[in-house]
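Values in this document were obtained by computation on a predicted structure and should not be read as measured data.
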Amino acid sequence: MSDALDLIRAILQQTGPDDGHALVLLEAALEREVDVLLYCASALTLSPTVIMERAARWAGYGFIEHVPLGVPEDLMPLQLDALATVRMLRLQLFDREVALTAPEFLDVIRLKRRRIQRPHLGQLVCFIAEPALRDYIAKAAAPALLDASRQNLTRRWPFATAQLELTTIARYVFAIALALMISMVLAAPHFAQLPLLPATLVLLLAPAAMRLAAVFSPIRIMPKLVRPPDQELPVYSVLIPLHNEASMVGQLFAAMRELDYPPERLDIKFAVEALSETTLAAVRERLGDPRFSLVCVPDAQPRTKPKALDFVLPLCRGEYVVVFDAEDIPDPDQLWKAAVRFREEPDLVCLQAHLVIDNGHHNWLAALFAGEYAGLFTVLLPALARWGLPMPLGGTSNHFRLSVLRDLGGWDAFNVTEDADLGTRLARCRLRVDVLASRTLEHAPTRLLPWMGQRTRWMKGWMQTFIVHNRDPGTLLAEMGLPAFLGFQTLVLGMIVAPVLHCAFLLTIVVRFLQGYALLDGSIWTVSYLAMLGMGYGSALVITMLGLRRLGGYHLLLRQLLLPFYWVLIGVATIRAVCDLLLRPFYWFKSPHQPATGPTRNAHDLSGKLDARPVPGT
């Protein structure tokens, strides 16, 4: 005990005999079951570098702030997933081989005692702060990490990855099949009416029926979650991929500091692309808090978000992991709520929090985007989870058991909607996914060109996912089971085909009207097409209205009447996505972001109360 208190006093630079403050720190760390050095860094707001330097001086060892330039960076670990646990490396440092270590509290005490017994150890061991050691490991292992980020999934899923399956032939066959399918539906009134009518009805009405079923599906009432004591919460990793987002860094750090989670159990990693020099600089300026670390992702194809996530995944040390985007502001309770759900439901492997648009008041485009998200995350996804069907995850605020995510192979680095692909893989493995009653606030695009670029990427990613996982339909059916297989085909194909067909139907109606034809001529096809058009818009409108009601976004309801025009824009984005799929399948359109200004995010534009359960069936 005397050595422990003496070490803490050295960290405090306390020279007097009073052990009161040191004893308080020691007892608090032991009560929370965390390393004393890490707790001191959090409680005293001292940087890990300062703490380790003082610990090294107390133990009688040398200290370096970072690995000097010129030391070979050719670390080839036997197991990448073990990198997060490495605390000692042997390096040729200066004129001798040195054991470079970032010891924990008890290890510092042991090392001091061993040095007293074997004084020459002082020349063979050198202390370094853990963040600096992690930084060196990430750089030294970068070639292996980069290779794994691009190849790991193909090793585990050689039959269902975009890198292998999204060949030129596969892409062109899909584009031709899609064109033929749409042409078939449009030509059905004139050719082969009887056989084509049922196919057309299924193709168009099945997605609408799924939306309506979600509207009338009763909500599962969840018990109120209680926050556990800090010592019962596990280490949680937070991944934040950034590319040219320097202006968002300040807001991100502020949002992460607001998380209601013990700081000493947070492992927040900013994965920043090497080309984003200003973003790298902005993150480095704010480092020092032990919660935060920076990982520089080498510039290499494909330049996608999932590649960056795969690169940093082996460096995570948490039991659970969550992904946040540059503009995200999660509810402070989100992490501990997810941890409690995972603890209480052992079969649960993934949780999707509600993504809520907080600038829907800005203009009609943001309002429609907000309505779309409201319907998706508060109505459709909860229903899909209850039915056990594949869930299209959001690109952010999805929480995973880290071990399961690694076993799955992480994300598909070549899929431009990695969230949709990962949701499909979870369904193929029959792993349970659910929604989490906690929000993450996001900004919707307010200008048409950024919206169009983002939506084109999303639609292209859905096409990639559909092609990749349907290259072997028999295996997909066997792995998913019939209900999930049909749900996947209905959801994804409907998402791709419906917007284009609705554009075509609207164009047909306009042309007939301009030519003086009666819209209701009594034919079965006219009635059927108008009914399908009405059911498609009607189901989308109902699910949107219900979602906004659940979030309390009543002021956005009126603008949802512009939904037909919104679907025309989605149809245009779908056509652009087909062209993109053929010409540049792995191109990633980077959505621009701007930090929130004014009171919008404090007031919560959509101030929904997710814990207030609506009446079942409403």
Side-chain angles (χ1 to χ4, degrees), residues 24 27-35 38-39 42-43 218-239 254-268 290-291 316-324 328-356 377-379 381-383 385-386 391 393-394 396-405 431-441 550-552 601-602 604 606-616:
V24 168
E27 291 177 345
L30 294 176
E31 181 182 353
R32 288 167 172 76
E33 299 178 6
V34 296
D35 179 57
L38 180 59
Y39 179 75
S42 299
I219 285 187
R220 181 164 58 107
I221 299 177
M222 298 291 297
K224 184 176 178 60
L225 300 178
V226 178
R227 189 192 189 285
D230 285 357
Q231 61 268 28
E232 294 182 13
L233 290 170
V235 176
Y236 218 116
S237 290
V238 178
L239 301 184
M256 294 302 104
R257 289 192 179 98
E258 290 297 316
L259 291 173
D260 179 18
Y261 209 83
E264 63 274 9
R265 296 180 185 272
L266 278 177
D267 172 35
I268 303 174
R291 287 173 288 185
C316 294
R317 59 183 180 86
E319 184 176 345
Y320 310 124
V321 61
V322 62
V323 178
F324 290 129
D328 287 355
I329 298 183
D331 278 350
D333 63 6
Q334 190 168 130
L335 266 58
W336 71 257
K337 279 188 172 181
V340 170
R341 289 286 306 276
F342 282 130
R343 183 189 64 187
E344 295 180 351
E345 302 172 61
D347 63 326
L348 191 60
V349 301
C350 176
L351 282 165
Q352 174 65 63
H354 298 264
L355 302 185
V356 178
F377 287 98
T378 67
V379 182
L381 292 191
R386 287 192 298 276
M391 272 182 59
L393 301 175
T396 174
S397 302
N398 30 49
H399 302 249
F400 303 93
R401 295 184 188 272
L402 182 60
S403 59
V404 175
L405 183 57
L431 297 173
R432 184 172 163 235
V433 183
D434 205 350
V435 294
L436 178 67
S438 182
R439 301 174 304 175
T440 295
L441 300 182
R550 289 179 177 177
L551 289 175
R601 292 202 160 188
N602 293 326
H604 298 321
L606 290 183
S607 57
K609 300 175 178 61
L610 293 176
D611 293 327
R613 304 298 180 181
V615 178

Is there a side-chain contact between [X] and [Y], using heavy atoms and a 4.5 Å cut-off?
| X | Y | answer |
| --- | --- | --- |
| Arg550 | Ile219 | yes |
| Pro290 | Pro263 | no |
| Arg227 | Leu233 | yes |
| Leu431 | Cys350 | no |

Just by modelled atom types, is the [Y] backbone N or O under 3.5 Å from a matching donor or acceptor in the [X] side chain?
| X | Y | value |
| --- | --- | --- |
| Arg220 | Pro382 | no |
| Thr440 | Ile329 | no |
| Arg317 | Val235 | no |
| Asp434 | Ala385 | no |

I need the minimum non-hydrogen distance between [X] and [Y], along with the two atoms involved.
| X | Y | answer |
| --- | --- | --- |
| Ala29 | Tyr39 | CB-CB, 3.8 Å |
| Asp267 | Gly318 | OD2-N, 4.2 Å |
| Val321 | Cys316 | CG2-SG, 4.4 Å |

Rounded to the nearest 0.5 Å, what separates atom [atom1] in [X] from atom [atom2] in [Y]?
| X | Y | atom1 | atom2 | answer |
| --- | --- | --- | --- | --- |
| Asn398 | Leu436 | CG | CG | 11.0 Å |
| Leu381 | His354 | CG | NE2 | 8.5 Å |
| Leu351 | Leu393 | CG | CG | 10.5 Å |
| Met256 | Leu259 | CE | CG | 5.0 Å |
| Tyr261 | Leu335 | OH | CG | 6.5 Å |
| Arg265 | Gln231 | CZ | CD | 7.5 Å |

Under the rule for salt bridge (charged side-chain N to carboxylate O under 4.0 Å, His left out), what residues qualify as partners of Glu232, not counting sequence neighbours?
Arg343
For Arg291, all residues meeting salt bridge (charged side-chain N to carboxylate O under 4.0 Å, His left out), sequence neighbours excluded:
Asp289
Pair Ser438, Asp333 - check side-chain hydrogen bond (donor to acceptor under 3.5 Å, both in side chains), show working.
CA-CA 7 Å; Ser438 182; Asp333 63 6; 2.9 Å; yes
Looking at Glu258, I want to see if its CD is surrounded by more than 12 non-hydrogen atoms of other residues, nucleotides or ligands under 6.0 Å.
no
Working for side-chain contact (heavy atoms from CB on, under 4.5 Å), residues Ser397 and Phe324
CA-CA 5 Å; Ser397 302; Phe324 290 129; 3.5 Å; yes
Step-by-step side-chain contact (heavy atoms from CB on, under 4.5 Å) determination, Tyr236 to Glu319:
CA-CA 6 Å; Tyr236 218 116; Glu319 184 176 345; over 6 Å; no
Quickly, which of Gln334, Lys337, Gln352 forms a side chain to side chain donor-acceptor pair (under 3.5 Å) with His399? Name it, please.
Gln334
